[in-house]
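Notes follow the structure.
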Amino acid sequence: MTKIICISTISIIDKIKESLKNERYLLTNKPIIKIKAAKLEDTILEKLKNYDSYIFQSKNAVISIRENIKYFNIKNNFYAVGKYTADMVEDIFSTKCYYPKKKYSSHELISEYNFNDISGKDIVVFKGSHGLSHIKDCLEAKNNVNEVNVYVREIDINLLKDNDFDMNKLNIVISMSNDALKAFIKKYKHKLKGYDVALIVPNKRFITDECDMFKRIRIIDDLQDEGQYTKIIRELNDE
């Protein structure tokens with residue numbers, strides 16, 4: 001039986017499990033990244049009402065800031081990198097939240113809403129510590145863009161056990177977090193030598209020289225489509 005180990009949080013993990021329930025796969029969900037909300041200074045919170053646009057890079061960013069909704073001006077523009085993040089924004093803030101319809105990413109958000117054409121705006125981006133700064137990098141030349149790190153990631157690599165992997169089977173590791181992947185490689189690069197281990201990640205920036213421990217690597221095109229995951233899993237299993 002092929003073993004699938006998910007080492008990061010995936011919002012549709014239950015749908016993936018359902019898609020595979022009648023097949024010979026053992027899916028273990030062990031997200032080794034824990035999220036801890038950051039304590040924000042009053043000076044940061046008091047400035048929130050002055051921004052023209054609020055951009056959320058993840059669901060974790062929404063969850064971590066929700067206790068401070070009184071500081072927001074809900075008449076202003078709300079954006080999110082993906083649909084599930086936008087849904088959470090709308091649920092918590094009771095306002096419209098825009099997101100890219102074709103592909104969920106910072107690049108697509110900027111492209112779809114012509115962010116490169118705007119200027120003179122005050123924009124705040126909510127993200128996790130060490131998260132990507134692509135949005136700020138693209139917009140700060142023409143606008144006042146601030147990033148607020150509303151949460152930190154804590155890694156519990158010990159959540160993974162050696163018996164989560166089988167030397168006689170195909171092992172598929174799924175990681176949507178670069179931090180989780182780096183921690184995994186550090187612990188298991190040598191331990192899993194000789195194992196048949198494949199990797200599924202969201203984009204090519206995850207792939208470094210250290211990834212040579214994986215026999216095969218696949219990239220997910222649509223993070224919110226369980227069919228993409230099951231298709232790749234089946235293909236890896238059949239190779």
Side-chain angles (χ1 to χ4, degrees), residues 1-35 57-60 81-85 103-106 108 128 130-132 153-239:
M1 180 179 288
T2 295
K3 303 190 89 172
I4 305 165
I5 303 93
C6 181
I7 64 172
S8 62
T9 300
I10 301 177
S11 59
I12 60 170
I13 189 67
D14 290 337
K15 291 183 178 180
I16 298 172
K17 286 182 178 179
E18 181 68 19
S19 296
L20 297 172
K21 70 177 183 179
N22 295 322
E23 302 179 52
R24 293 185 59 79
Y25 300 101
L26 177 61
L27 195 157
T28 303
N29 186 29
K30 290 191 174 182
I32 63 175
I33 301 290
K34 306 299 180 184
I35 300 301
Q57 287 197 175
S58 68
K59 288 175 64 177
N60 288 327
V81 168
K83 181 182 186 303
Y84 290 90
T85 302
K103 189 175 181 180
Y104 305 148
S105 70
S106 298
E108 288 297 319
H130 304 301
L132 293 176
R153 300 174 178 88
E154 297 179 344
I155 300 175
D156 182 10
I157 191 63
N158 293 322
L159 190 65
L160 294 173
K161 306 300 181 184
D162 292 352
N163 61 10
D164 286 328
F165 307 91
D166 190 331
M167 190 172 191
N168 300 309
K169 305 290 184 182
L170 169 63
N171 304 272
I172 300 175
V173 175
I174 302 176
S175 182
M176 298 295 111
S177 163
N178 210 352
D179 288 337
L181 179 60
K182 289 177 181 178
F184 175 84
I185 291 174
K186 183 177 180 179
K187 179 174 181 178
Y188 283 105
K189 186 174 179 67
H190 300 294
K191 282 189 176 185
L192 296 182
K193 188 175 182 179
Y195 284 61
D196 186 4
V197 188
L199 174 67
I200 297 175
V201 290
N203 58 62
K204 63 183 181 181
R205 70 179 175 82
F206 280 52
I207 304 172
T208 66
D209 291 343
E210 292 297 304
C211 290
D212 61 0
M213 67 171 289
F214 301 102
K215 299 289 182 63
R216 286 152 289 169
I217 300 175
R218 298 290 183 273
I219 295 174
I220 287 286
D221 293 323
D222 189 343
L223 302 183
Q224 306 303 330
D225 178 8
E226 68 274 14
Q228 284 277 322
Y229 293 88
T230 54
K231 180 176 181 290
I232 290 176
I233 288 168
R234 291 177 185 127
E235 288 175 351
L236 288 170
N237 187 66
D238 293 340
E239 290 179 0

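What you see below is based on every heavy atom in this structure, not just the backbone, and it leaves out hydrogens, waters and symmetry mates. Because the structure is a prediction, the values reported are computed rather than measured.
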Heavy-atom side-chain contact between Val197 and Tyr188 under 4.5 Å = no
When you look at NZ of Lys34, are more than 12 heavy atoms from neighbouring residues, nucleotides or ligands closer to it than 6.0 Å?
yes
Tightest non-hydrogen contact, residues Glu226 and Ile12, listed as N-CD1, 3.5 Å
Do Lys187 and Asn158 come within less than 4.5 Å of each other through their side chains, counting heavy atoms only?
yes
query: Got Asn237 and Ile172 here, is their nearest side-chain heavy-atom distance under 4.5 Å?
result: no
Ile219 versus Ile207: any side-chain heavy-atom pair under 4.5 Å? yes
So CD1 of Ile10 and OG of Ser177: to nearest 0.5 Å the spacing works out to 11.0 Å
- Query: Do the charged groups of Lys21 and Glu18 touch, with an N to O distance under 4.0 Å?
  - Reply: yes
On a heavy-atom basis, the closest approach of Arg153 and Ile33 is CB-CG2, 3.7 Å
- Query: Is the number of heavy atoms from other residues, nucleotides or ligands under 6.0 Å of Arg205 CZ greater than 12?
  - Reply: yes
ask   = Under a 4.5 Å cut-off applied to non-hydrogen side-chain atoms, are Leu20 and Ile4 in contact?
value = yes
Here the gap from Asn29 atom CG to Ile16 atom CD1, rounded to the nearest 0.5 Å, amounts to 9.0 Å
*asked:* Checking the side chain of Arg216 only, and the main-chain atoms of Leu236 only, is there a donor and an acceptor separated by less than 3.5 Å?
replied: yes
Residues Cys211 and Ile185: closest non-hydrogen pair is SG-CD1, 4.0 Å
Here the pair of heavy atoms bringing Ser19 nearest to Glu23 is O-OE2, 3.5 Å
Using only atom types and a distance under 3.5 Å, with no angle test, would you say the side chain of Asp166 pairs donor to acceptor with the backbone of Asn171?
no
Can Asp164 and Thr28 be counted as having a side-chain donor-acceptor contact under 3.5 angstrom?
-> no
So CG of Leu199 and NZ of Lys215: to nearest 0.5 Å the spacing works out to 13.5 Å
Test your reading of the model: is there a side-chain donor-acceptor pair from Lys169 to the backbone of Lys3, 3.5 Å cut-off? no
**Asked** Can Arg218 and Glu235 be counted as an ion pair, charged N to O under 4.0 angstrom?
**Response** no
To the nearest 0.5 Å, atom CZ of Phe214 lies from atom CG of Leu192 at 8.0 Å
### Query
Do Tyr195 and Met213 touch side chain to side chain, with heavy atoms closer than 4.5 Å?
no
Would you confirm whether the ring centroid of Phe165 sits within less than 6.0 angstrom of the ring centroid of Phe184?
yes
Closest heavy-atom pair, Lys59 versus Ser11, reported as atoms and distance to 0.1 Å, is NZ-CB, 4.0 Å
| task | For the pair Lys189 (side chain) and Glu210 (backbone), establish whether a donor and an acceptor sit closer than 3.5 Å, ignoring hydrogens and angles. | result | yes
Heavy-atom closest pair (Ser8 atom, Ala180 atom, distance to 0.1 Å) is CB-CB, 4.4 Å
d(Ile5 CD1, Lys30 NZ) to nearest 0.5 Å is 9.0 Å
Hey, does Leu27 have a side-chain heavy atom less than 4.5 Å from the side chain of Ile13? yes
Interatomic distance, NZ@Lys231 vs CD1@Ile220, rounded to 0.5 Å, equals 9.5 Å
Would you say that more than 12 heavy atoms from the other residues, nucleotides or ligands in this model lie under 6.0 Å from the CG of Asp238, or not? yes
